[in-house]
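Single-structure report; data block below.
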Amino acid sequence: MSSDTTFRTGLTRRGFCATGLSLTSLVALSACSSTDKALEPLSPKVMADLQRNNLKVGAPLFVRVFKEENQMEVWLQQAYGPHVLFRTYNICSRSGVLGPKYKEGDRQAPEGFYMVSQRQMNPKSEYYLSFNLGFPNAFDKSLGRTGTHLMVHGGCRSAGCYAITDDHIKELFSLAREAFLYGQKEFPVHAFPFRMTEQNLLRYAGHPHEPYWRDLKVGYDYFEQTRQPPTVGVKQQRYVFMPHNINVPPEFEVKQASADPLAPQLIRGWRAGEWK
């Protein structure tokens, strides 16, 4: 049985255990939880922090990565409201320099806009737990970029991935698992070279990647202003950003697995039958 199948089977099993439980009573999940580390219940600290921030178990998840600062932010959405910052993890290790990933073996950690579906979660990772960022996404493919197994994982070694230690990936993995259980289909991961302020961009004026980084800033600014991740697509080999609550234009509604890489597409996580 594949790790993906194992994880999905475990989610179904654990989801049955969790049905109907309130925020407080979820601390008792250990009675019906698997001993598998990917299925362990949320820690008492996480449960307390959720309550303190007026967040529910299974709140929709959003992740931001900042290379230069070596930080990973975890945002959770309040019920029908804005996202709030729940955690900031230090990135223990990442490889490469500021800038996007171009090809397999360049040891660059990706920059850009990615979506993570349940199929990308790896409970059997050799780096404790992990999830695949989904590189190359539709934008990367439109430019012919290549690479595989670009992960967020435990430990403190990297060859193009983001390593955040075992303790942090365990917590992040469990938050993502609960979000999937409670209905989130995929969660966004936005990876930036640095915090995309105008002051920071001025430090890199004239840099070869400055035009690309200014495109990333549009998506960054949308979240900064609304506290909702934008809907992200790619058109004419550039990222495009749409309001999070918009009806997506029909030109973006194509099947990723069979689409022309230059056709307008949404940035999506892996779907059934789509193996990367």
Side-chain angles (χ1 to χ4, degrees), residues 11 14-15 18-29 41-66 69 71-89 112-118 120-121 131 133-134 137 152 164 168-192 195-198 216-233 239-249 252-253 266-269:
L11 273 183
R14 187 158 186 275
T19 299
L21 292 182
S22 67
L23 175 65
T24 303
S25 62
L26 274 166
V27 297
L29 270 174
L42 297 171
S43 71
K45 176 172 173 47
V46 169
M47 297 296 293
D49 290 345
L50 288 171
Q51 287 186 311
R52 184 162 43 252
N53 285 280
N54 194 30
L55 293 163
K56 294 182 178 180
V57 170
L61 177 75
F62 169 52
V63 175
R64 296 202 299 183
V65 175
F66 300 101
E69 293 85 350
Q71 290 184 334
M72 181 175 294
E73 294 179 345
V74 179
W75 295 74
L76 299 177
Q77 186 180 15
Q78 293 179 321
Y80 306 105
H83 287 68
V84 296
L85 182 61
F86 186 69
R87 288 286 189 267
T88 301
Y89 302 132
F113 300 89
Y114 298 89
M115 295 292 281
V116 178
S117 71
Q118 190 175 311
Q120 290 158 251
M121 306 298 287
F131 59 82
L133 284 171
N137 64 16
V152 173
I164 59 172
H168 290 161
I169 191 60
K170 181 179 179 180
E171 184 175 88
L172 178 52
F173 198 99
S174 69
L175 290 168
R177 180 198 65 220
E178 297 300 322
F180 290 134
L181 272 171
Y182 282 84
Q184 189 173 16
K185 301 300 183 185
E186 52 191 6
F187 65 88
V189 179
H190 294 181
F192 300 108
R195 295 188 183 276
M196 306 301 287
T197 63
E198 189 61 34
L216 299 187
K217 179 173 166 56
V218 178
Y220 173 90
D221 287 346
Y222 182 90
F223 181 77
E224 287 293 296
Q225 294 160 10
T226 67
R227 287 296 185 254
Q228 301 286 359
T231 298
V232 185
Y239 282 118
V240 293
F241 305 96
M242 296 165 270
H244 65 281
N245 54 0
I246 195 175
N247 290 323
V248 176
F252 288 92
E253 295 291 353
L266 294 180
I267 303 301
R268 303 189 317 170

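In this chain, numbering begins with 1 at the start of the sequence shown.
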Output, in order, the C-alpha distance, side-chain angles, deciding distance and verdict of side chain to side chain contact (heavy atoms under 4.5 Å, CB included) for Arg87 and Leu76.
CA-CA 9 Å; Arg87 288 286 189 267; Leu76 299 177; over 6 Å; no

Before you tell me yes or no, could you show the steps for Thr231 and Phe252 under side chain to side chain contact (heavy atoms under 4.5 Å, CB included), namely the whole-Å CA-CA distance, both residues' side-chain angles and the distance that decides it to 0.1 Å?
CA-CA 11 Å; Thr231 298; Phe252 288 92; over 6 Å; no

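Nearest heavy-atom pair across Gln228 and Pro82 is NE2-CA, 3.7 Å.
The environment of Asn245 atom CG is dense: over 12 non-hydrogen atoms of other residues, nucleotides or ligands sit within 6.0 angstrom.
In this structure, Gln120 contributes its side chain and Ser117 its backbone to a donor-acceptor pair below 3.5 Å. Counting only distance, with no hydrogens or angles, the side chain of Gln77 and the backbone of Gly81 share a donor-acceptor pair below 3.5 Å. The closest donor-acceptor contact from the side chain of Glu186 to the backbone of Gly269 lies under 3.5 Å.
Partners of Ser174 by side chain to side chain contact (heavy atoms under 4.5 Å, CB included), not counting sequence neighbours, listed by chain and number: Leu42, Arg177. Residues satisfying the side chain to side chain donor-acceptor pair (under 3.5 Å) criterion with Asp221, sequence neighbours excluded, are Lys217. In this view, Glu73 and Arg64, Arg195 satisfy the salt bridge (charged side-chain N to carboxylate O under 4.0 Å, His left out) rule, not counting sequence neighbours. For Gln184, the side chain to side chain contact (heavy atoms under 4.5 Å, CB included) partners at least two apart in sequence or on another chain are Pro60, Leu61, Ala179, Phe187, Pro188. For the ring-ring contact (aromatic ring centres under 6.0 Å, His included) test, residues two or more places apart in sequence or in another chain that qualify with Phe113 are His190, Phe192, Tyr239, Phe241. Shown here are the side chain to side chain donor-acceptor pair (under 3.5 Å) partners of Tyr89, two or more places apart in sequence or in another chain: Glu171.
Rounding to the nearest 0.5 Å gives a distance of 10.5 Å between CD of Gln225 and OH of Tyr220. Phe86 contributes atom CZ, which lies 4.0 Å from atom CG of Leu50 (distance to the nearest 0.5 angstrom). Atom CZ of Phe66 sits about 9.0 Å away from atom CE of Met196, to the nearest 0.5 Å. With rounding to the nearest 0.5 angstrom, the NZ atom of Lys170 is 13.5 Å from the CD1 atom of Ile164.
Here the side chains of Val152 and Val189 are not in contact, with every heavy-atom distance at 4.5 Å or above. For the pair His83/Pro229, a side-chain contact is recorded, criterion being any heavy-atom separation below 4.5 Å from C-beta on. For the pair Met72/Leu172, a side-chain contact is recorded, criterion being any heavy-atom separation below 4.5 Å from C-beta on.
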